[in-house]
Amino acid sequence: MSEHHVWQVAPVPGASVRPDCTHLDEAAEPPAKAVRRGCEDCLRTGSSWVHLLECLVCGHQGCDDSSPRKHAYAHAHAAPGHDLARTLKRGEDWAWCYADELFLRPAG
Ligand SMILES: [Zn+2]
Ligand SMILES: [Zn+2]
Ligand SMILES: [Zn+2]
């Protein structure tokens, strides 16, 4: 089984036209299985997180927007070209484009 290497914009409920994300090319080949390490920035500062997002460009792991510090958001805005992050939440398979604020799903 190969991992999902290609992402596509998830259909938006109520929208007749699927919006376009021009950042899909940024996604690097993901590792076969992401090793869940934890939010790098929370670990450094002794903070805690709720869920993790992994930057699809560089593999940075940061906490999501339900976490107090929102480090994934901070990373995406601090690093130019790092607009895509996928969830590391067990049982979920989606990514998020910070630039377009769109959900992405694995293609196929
Ligand atoms: Zn985009
Ligand atoms: Zn964090
Ligand atoms: Zn990154």
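Note that these values count all heavy atoms, side chains included, but never hydrogens, waters or copies made by symmetry. Just so we're clear, the structure is a prediction, and the values are computed from it rather than from any experiment. Start at 1 and go down the list; that is how both ligands and their atoms are numbered.
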State the CH2-CG distance between Trp96 and Asp65, to the nearest 0.5 angstrom.
-> 8.5 Å

Cys21 SG and His23 ND1 subtending at the Zn ion (ligand 1) (10° steps) = 120°

Output yes when a side-chain donor or acceptor of Gln61 lies under 3.5 Å from a complementary backbone atom of Arg37, and no otherwise.
-> yes

Is there a donor-acceptor pair closer than 3.5 Å between any side-chain N or O of Arg18 and the backbone N or O of Val9?
-> yes

Can you name the closest pair of heavy atoms from Cys39 and Cys63 and give their distance?
-> SG-N, 3.4 Å

His60 and His82: aromatic ring centres closer than 6.0 Å?
-> no

Within the 2.8 Å cut-off the protein N, O or S neighbours of the Zn ion (ligand 2) are Cys39 SG, Cys42 SG, Cys63 SG, His71 ND1

Compare every heavy atom of Trp7 with every heavy atom of Trp94, then report the nearest pair and how far apart it is.
-> C-CZ3, 3.6 Å

Taking the side chain from His75 and the backbone from His71, do they hold a donor-acceptor pair closer than 3.5 Å?
-> no

Return yes if some donor-acceptor pair links the side-chain N/O of Ser67 with the main-chain N/O of Val50 below 3.5 Å, else return no.
-> yes

Is the distance from the Zn ion (ligand 1) to the nearest N/O/S atom of Asp100 under 2.8 Å?
-> yes

Say whether, by atom type as modelled, one donor and one acceptor occur between the side chain of Glu54 and the main chain of Thr87 under 3.5 angstrom.
-> no

Within the 2.8 Å cut-off the protein N, O or S neighbours of the Zn ion (ligand 3) are Cys55 SG, Cys58 SG, His75 NE2, His82 ND1

With no hydrogens and no angle check, is any side-chain donor or acceptor of Asp100 less than 3.5 Å from a backbone partner on Leu102?
-> no

